[in-house]
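A short write-up of the structure that comes next.
As a basis for the values below, the full set of heavy atoms in this structure was taken, side chains included, without hydrogen atoms, waters or symmetry mates. Sequence lines set the chain letters: A, B, ... in the order given, protein chains first and strands last, and positions in each chain run from 1.
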Amino acid sequence: MLDARYLRDNLDAVRTALGGRSAGWDFDRFASLDEERRRLIGEVESRQARRNEASRSIGELMKAGKRDEAEAAKSEVRAVNEEIETLDAQLAAIDADVREMLLTIPNVPDESVPVGTSEDDNVEVRRWGTPPAFDFEPKAHWDLGPELGVIDFERGVKLAKSRFIVLGRDGARLNRALINFMLDTHGARGYAEWAVPAMANADTLLGTGQLPKFEEDLFRTSEGLYLIPTAEVQLTNLHRDEVLEAETLPRQYCAYTPCFREEAGAAGRDTRGMIRVHQFDKVELVKFATPETSMDALEGMVTDAEFILQQLGLAYRTIVLCTGDMGFSAAKTYDIEVWLPSYDGYKEISSCSNCTDFQARRAGIKYRSPGEFKGSRLVHTLNGSGLAVGRTLVAVLENYQQADGSIVVPEVLRPYMGGQEVIR
RNA sequence: GGAGGGGUGGCAGAGUGGUCGAUUGCGGCGGUCUUGAAAACCGCUGACCCGCAAGGGUCCGUGGGUUCGAAUCCCACCCCCUCCGCCA
């Protein structure tokens with residue numbers, strides 16, 4: 001959510017900065033609603049002031065025994081109350097409209113973000129590692145997995161529905177090894193680990209921006225709870241409606257959770273394999289930082305996510321998303337893409353964003369620093385995959401495959417696999 | 001799920017219709033005192049909205065209702081605690 005005052009004073013600048021991202025958002029309607037809202041507030045409050053004053057005098061008149069005067073004052077207040085009621089109804093309607101508009105306008109990109117309209121305008125910032133050269137025809141994970149008995153697509157469909165998968169035998173163990181390796185590595189690098197609910201309520205999802213605009217991406221239970229699409233939702237909302245002490249910042253959190261996505265708009269995309277499924281595991285990183293340090297914190301988070309790929313020996317490239325390709329809450333986003341032989345290219349495995357104060361304003365996450373400024377200010381929130389475990393598993397299978405169909409276990413994972421060196 | 005109790009400012013804890021946004025204690029900030037510190041004493045100390053400002057308004061779990069007026073009364077919902085039941 002953007003600050004209403006900021007938006008009011010910078011309407012055209014925001015319109016320009018958002019470009020196509022704000023398609024369908026009516027800036028002029030906002031301007032007139034906002035103006036009308038402030039006018040009505042003035043109307044209501046001047047009447048409330050009159051009513052409060054009159055009510056006070058009624059109390060005094062009653063005490064003084066002047067009943068007739070008190071009765072006269074009462075009827076006057078009744079009349080004022082009727083006016084207030086009418087104005088209040090108008091104000092409530094406009095408030096709801098303004099709020100709805102504020103909740104559906106995306107974050108404003110940081111100045112350092114390249115301007116563009118699609119993923120074609122994203123900018124690669126670096127590459128690491130060399131894609132493996134095979135002296136045989138490498139297989140895709142959707143062939144390797146079933147052949148090794150580590151991924152079972154048919155049974156995933158049987159147990160749930162399409163786009164659900166089952167991991168078997170060494171697939172399940174490799175998955176768990178990846179989770180533990182990631183958590184241990186991030187833990188050693190300053191991220192505190194949490195275990196959080198896999199379901200979240202509407203307030204929580206409103207706080208991070210999934211609601212109200214993207215409800216169709218979520219699974220909803222009959223209780224009105226939602227399955228979390230990412231642990232970012234929970235880690236960020238841990239501090240919803242809290243004021244953090246400045247000296248405790250930055251805070252760095254991580255968590256492993258399953259993630260659930262409806263993938264409503266993805267029919268036909270990535271239909272083969274386990275690249276795009278309804279449920280996947282992810283280790284998530286979240287930071288709370290001051291406005292002055294959040295951009296540096298983002299660079300650090302990307303480095304931490306990249307470190308996992310380096311340790312695993314997987315080639316990747318890092319790109320900065322252009323203005324047109326960023327998510328709703330982000331002011332700046334880096335995607336890390338891992339090399340996948342089946343794609344003969346790089347595929348997203350992590351996305352790290354600085355959401356600046358966008359989520360903090362929705363969720364009421366502030367910090368204070370008594371010596372530095374009075375009151376409290378909004379923190380900046382950041383989140384990033386560290387990494388998507390399912391896609392990492394795919395990357396390991398495909399990049400470490402041998403001519404005989406076996407998989408070499410990356411060295412850093414062997415301690416988590418009981419010393420096992422090969423999956424066959 | 002059943003029965004009972006309770007949700008007030010950073011925390012603790014008063015307040016059952018009228019200057020209560022709210023007594024008091026702790027904590028925090030500033031000051032006096034002190035070589036310094038502690039103690040003691042004095043003062044300050046919630047958030048949000050509209051406004052250039054003066055000022056005004058809202059907020060005592062949430063949402064309704066009664067009333068000229070509600071933290072205080074009524075209704076619904078949410079959450080917490082205790083006991084019982086059930087249960088991984």
Side-chain angles (χ1 to χ4, degrees), chain A residues 1-10 30-103 195 197-207 211 221-226 234 237-249 251 258 357 360-379:
Chain A
M1 184 163 59
L2 302 179
D3 179 45
R5 235 171 314 196
Y6 171 82
L7 186 54
R8 175 190 310 152
D9 296 338
N10 301 276
F30 173 81
S32 64
L33 283 174
D34 177 63
E35 192 183 332
E36 176 66 0
R37 173 175 172 271
R38 284 183 291 157
R39 187 187 70 78
L40 280 169
I41 286 173
E43 297 280 331
V44 168
E45 292 190 350
S46 64
R47 283 169 178 75
Q48 285 175 328
R50 215 197 307 160
R51 178 190 64 189
N52 291 345
E53 170 56 29
S55 286
R56 238 186 310 260
S57 73
I58 289 171
E60 285 163 18
L61 291 169
M62 297 288 272
K63 263 181 213 159
K66 299 176 181 172
R67 298 196 63 170
D68 290 350
E69 289 178 47
E71 287 304 321
K74 280 189 188 182
S75 60
E76 188 205 327
V77 171
R78 262 190 284 264
V80 174
N81 271 340
E82 277 177 35
E83 293 178 28
I84 291 176
E85 204 173 328
T86 306
L87 291 167
D88 250 347
Q90 296 174 29
L91 181 58
I94 286 179
D95 257 342
D97 287 346
V98 168
R99 179 175 161 75
E100 200 267 341
M101 291 197 80
L102 283 172
L103 285 174
M199 291 196 235
N201 59 38
D203 284 342
T204 298
L205 289 153
L206 196 74
L211 292 179
T221 72
S222 58
E223 294 269 298
L225 292 168
Y226 298 83
Q234 304 296 39
N237 277 283
L238 280 174
H239 293 304
R240 175 152 48 93
D241 295 323
E242 291 184 15
V243 181
L244 308 174
E245 299 297 336
E247 64 260 29
T248 68
L249 300 175
R251 295 200 185 199
D357 61 11
R361 185 174 293 107
R362 290 171 161 248
I365 310 170
K366 302 174 180 180
Y367 74 106
R368 54 177 203 157
S369 184
E372 200 183 346
F373 56 86
K374 68 180 172 65
S376 56
R377 294 180 182 172
L378 295 168
V379 301

I'd like to know whether CD of Glu85(A) has more than 12 heavy-atom contacts from other residues, nucleotides or ligands below 6.0 angstrom.
no
Watson-Crick or G-U wobble partner for rC68(B), using a 3.5 Å limit on both distances?
rG18(B)
If we take the P atom in both rG31(B) and rG64(B), what is their distance in whole Å?
46 Å
Gap in Å between the two C1' atoms, one belonging to rG7(B) and one to rA71(B), rounded:
12 Å
Atom CZ of Arg37(A) to atom P of rC49(B): distance rounded to whole Å?
9 Å
Nearest-angstrom distance, C1' atom, rG85(B) to rG4(B)
15 Å
Asp95(A) CG - rC48(B) P separation (whole Å):
17 Å
Are OP1 or OP2 of rC50(B) and a side-chain N or O of Arg39(A) less than 4.0 angstrom apart?
no
Check whether any side-chain heavy atom of Gln90(A) lies under 4.5 Å from a side-chain heavy atom of Glu43(A), and answer yes or no.
no
Correct closest heavy-atom pair for Arg8(A) and Phe30(A) would be N-CE2, 4.3 Å
Rounded to whole Å, CD of Glu245(A) lies from C1' of rG27(B) at a distance of 12 Å
Taken to the nearest whole Å, CZ/Arg99(A) to C1'/rC49(B) is 14 Å
Given that both distances must come in under 3.5 Å, which nucleotide forms a Watson-Crick or G-U wobble pair with rC44(B)?
rG28(B)
If I pick the P atom on rG21(B) and the same atom on rG61(B), what distance separates them, to the nearest angstrom?
16 Å
Below 4.5 Å, heavy atoms only, C-beta onward: do Leu7(A) and Asp34(A) meet side chain to side chain?
no
Summary of protein contacts for nucleotides 7-12 of chain B, nucleotide by nucleotide, where a base hit scores B, a sugar-phosphate-only hit scores S (4.0 Å, heavy atoms):
------
When the distance from CD of Glu76(A) to C1' of rG69(B) is rounded to whole Å, what number comes out?
14 Å
Could you give the CG-to-P distance, from Asp9(A) to rC50(B), as a whole number of Å?
11 Å
Check side-chain hydrogen bond (donor to acceptor under 3.5 Å, both in side chains) between Asn10(A) and all other residues, then give those that pass, not counting sequence neighbours.
none
Note: Asn237(A) and Thr204(A) closest approach over all heavy atoms is ND2-O, 2.8 Å
What integer number of Å spans the P atoms of rA70(B) and rG18(B)?
12 Å
With C1' as the reference atom in both, quote the distance from rG46(B) to rU35(B) in angstrom, rounded to an integer.
39 Å
I need the CG-C1' distance between Asn201(A) and rC77(B), as an integer number of Å.
15 Å
Classify every nucleotide of nucleotides 56-67 of chain B by which part a protein heavy atom approaches to under 4.0 Å, writing B for the base, S for the sugar-phosphate alone and - for neither, in 5'-to-3' order.
BSS---------
Pair partner, rG63(B) [Watson-Crick or wobble, under 3.5 Å]:
rC75(B)
Taking atom P in both rU72(B) and rC60(B), what distance in whole Å separates the two?
8 Å
Side chains of Asn52(A) and Ser55(A): any donor to acceptor distance under 3.5 Å?
no
Please determine if a side-chain N or O atom of Arg5(A) lies less than 4.0 Å away from the OP1 or OP2 oxygen of rC50(B).
yes
Look through every strand shown and name the nucleotide pairing with rC83(B) as Watson-Crick or G-U wobble, where both distances are under 3.5 Å.
rG2(B)
Pick base, sugar-phosphate or nothing for Arg361(A), based on heavy-atom distances below 4.0 Å to the nucleic acid.
nothing
Asp9(A) atom CG, over 12 foreign heavy atoms within 6.0 Å
yes
Lys74(A)/Glu71(A) ion pair, N-O < 4.0 Å
yes
Earlier contact from the 5' end, RNA chain B, for Asp34(A) and Gly59(A):
Gly59(A)
Could you pull out the closest heavy-atom pair between Leu378(A) and Ala360(A), with the gap in Å?
CD2-O, 3.7 Å
I'd like the C1' distance from rA38(B) over to rU32(B), given in whole Å.
15 Å
Carboxylate-amine/guanidinium contact Glu35(A) Arg39(A), below 4.0 Å:
no
Return no unless some side-chain N or O of Lys366(A) is found under 4.0 Å from OP1 or OP2 of rC48(B).
yes
